[in-house]
2 protein chains.
Amino acid sequence: MEPTSHVSVDVLVLRYDRALRQLRLGLHERTLEPFAGWPALPGVLLLRGERIRDAAARALAKVQLTARGSGQLITFDEPSRDPRGPTLSVATWAVTDDIGTARWSGWDERPPLAFDHDRIVTDCRPLLAGMLWRDPSFTRLLTGAEFPVTDALALHQALTGAAPDRGNLNRTLATIPGLHRTDRQASTGRGRPSTIWAWSPSPTP
Amino acid sequence: MEPTSHVSVDVLVLRYDRALRQLRLGLHERTLEPFAGWPALPGVLLLRGERIRDAAARALAKVQLTARGSGQLITFDEPSRDPRGPTLSVATWAVTDDIGTARWSGWDERPPLAFDHDRIVTDCRPLLAGMLWRDPSFTRLLTGAEFPVTDALALHQALTGAAPDRGNLNRTLATIPGLHRTDRQASTGRGRPSTIWAWSPSPTP
DNA sequence: ACAAAAGTGTTAAAATTACACCCATGG
DNA sequence: CCATGGGTGTAATTTTAACACTTTTGT
C-alpha cells in the first residue's frame, strides 16, 4: 500500500475527420484488467517528476499518436473511480492529425467507456465547447491551417451539440485574430462551394 | 524515493472582513524547512484515497479554520516547485468566516510566499474573479446571507482589480437568481446608507 | 451648507440571435 | 430548373459600459 493516491493523466484525444466531417474521439482498447476489452480514454500513471503534458504525450503514444497540442481540464478525485485503488485523474485534451492505432468514435456514438471515463467525457465537453473560437491555439489545432466553413460548423456542432447559424458563424470567424478568409473555395459535392479560411503564419509566437 | 509525484492540495482561503471592507487571504506561517518562517498558502499532502475537498479541509484545520465551501481551481505540475521533490499542487479555493490562527493579508499587500505560491495566487485570481456574481454558491459564501452594496463593490474590486460602476453593479445584483434587495439599510459612517441585499433561504437545495 | 457615499436614469456601444433572402453548384 | 448547400443583409434583443444627475447622511 502506497501512502498516497496514484495520479493518472487521461486524455480526450480529438481529431477532426475532414472526410467524415466529424470530430472524433480517440479511444484505447484496454488489454489489462480491470475493464479488459473495454474502450477507454488513453491514460497513463503520472511518473515521479513528470509534467502532465508529458504524461499526456505518453498516453497518446500507447495508441501511436503524437499531439499537436494539449492542455489541462479538470481533476477527478472520486476515490473508487479505479477499482485498483484510489487514483486521481487529471483530465486533459489533445489534438492530433494522425490515426495511430486508436479506435476513433464520434462524440455521440461513443460506446460505454471504462472507469468513470463516460463522466469525464460528459463533464469536459462543455469546457471544450467554451474553448472553441475563444482559445485561438485550441481552435487552430482543431481546424488546421486552412478550413472551409462547413468544417467550422461541424466542430461547433460536435462540441456544443447544436448547429449554429451559418451567417453568424461566419461573422464569428471574422472576429478571430489571426484568422482571415481566402479567395479560394472548397467544393463539397452538391451545393455552393464553401469559402476557405486560413490562419496567419505564426499562431503561437 | 517513491515511484510517483506527491500531490499537495493548496488552498486560497478567502474571508471578507466587513470591518476592513476588504477581502483577505489566509496564510500559514511555515514552521518546517523548506521555507521555514515564510508565509504560504495552507496546504497538505493528499492522503491515499482522500478527496480533494477533504484535504482542503485538513489544510484549513492547520490554521484552525473550517470552510463554508470550497472548490477546485487548477493543478500546478512544475516538477521543481517543491525542493523536497516533485509535487503536484491542486489549487483550491475556500471561504471561511472565522479568523483561526491564520495570518490574514490583503490581496495586494500580501508578502512574498513560499514555493510557487505567488504564482498560484496570481494565476488563480482571474479564475476567482470570473466566478464572482456568476457562480451563485461561491458568491453567496463570500457575501454571506446579507450584505450592503458597498461590500459587493469591495469584493469585485479585490478580485478584478478595478472598482465597477456602482449603478451597474446594482443592476448586476438585481439579475442574480436568489438574490433580492431588502428595505433595510446599512449605515456606513458618513454618506448615504447602503441598501442591504439578501439571499433567499435555500441557495443549494 | 458641504462633502461623502449611494442610488437612478439615460444613452451609446457591442455582442447575441434570429430570420429572410440571394448566390453557386450538381443533377 | 430545382434541390442543396453557402453567403449576405437586416433587424430585434440583450449585455456591457459610461456618465450625468439626484438623494441621503454626517460634520
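The figures here come from the full heavy-atom set of this structure, side chains too, leaving out hydrogens, waters and symmetry mates. In the text below, chain A, chain B and the rest are named by the order of the sequence lines, each starting its count at 1.
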Should the ring pair B/Phe35 and B/Phe115 be called parallel, tilted or perpendicular, given that the plane angle runs from 0 to 90° and is split at 30 and 60? tilted

Rounded to whole Å, please give me the gap between CZ in B/Arg134 and C1' in D/dT16. 11 Å

Please state how far atom CG in B/Asp165 lies from atom C1' in C/dT10, giving the value in whole angstrom units. 12 Å

Considering heavy-atom distances to DNA chain C, does A/Ser187 or B/Gly191 have its closest nucleotide positioned more toward the 5' end? B/Gly191

Using atom CG of A/Asn170 as one end and atom P of C/dA15 as the other, report the distance to the nearest whole Å. 17 Å

Is any side-chain N or O of B/Thr195 closer than 4.0 Å to OP1 or OP2 of C/dG7? yes

For B/Arg110, I'd like to know if atom CZ has over 12 heavy atoms of other residues, nucleotides or ligands within 6.0 Å. yes

Using a cut-off of 4.0 Å on non-hydrogen atoms, how would the nucleic acid contact of B/Arg192 be classed: base, sugar-phosphate, or nothing? base

Without decimals, in angstroms, what is the distance between A/Asn168 CG and D/dG7 P? 13 Å

Grab the CZ-P distance between A/Arg21 and D/dT4 for me, whole Å please. 17 Å

Within this structure, what is the CH2-to-C1' distance between A/Trp197 and D/dG7, rounded to whole angstrom? 11 Å

May I ask you to test the A/Val90-A/Leu46 pair for a side-chain heavy-atom distance under 4.5 Å? no

Taking only N and O in the side chain of A/Ser194, is any of them less than 4.0 Å away from OP1 or OP2 of D/dG5? no

Rounded to whole angstroms, how far apart are CG on B/Leu169 and P on D/dC19? 17 Å

With a non-hydrogen cut-off below 4.0 angstrom, is B/Arg171 in contact with a base, only sugar-phosphate, or nothing? base

Interatomic distance, B/Arg81 atom CZ to B/Thr87 atom OG1 [nearest 0.5 angstrom]: 6.5 Å

At under 4.0 Å between heavy atoms, what does A/Thr175 touch on the DNA or RNA strands: base, sugar-phosphate, or nothing? nothing

Give the C-alpha distance, both sets of side-chain angles, the deciding distance and a yes or no for salt bridge (charged side-chain N to carboxylate O under 4.0 Å, His left out) between B/Asp97 and B/Arg15. CA-CA 6 Å; B/Asp97 291 334; B/Arg15 179 177 147 269; over 6 Å; no

From CZ of A/Arg190 over to C1' of D/dC2, roughly how many Å is that when rounded to an integer? 14 Å

N/O (side chain, B/Arg166) to phosphate O (OP1/OP2, D/dA17) under 4.0 Å: no

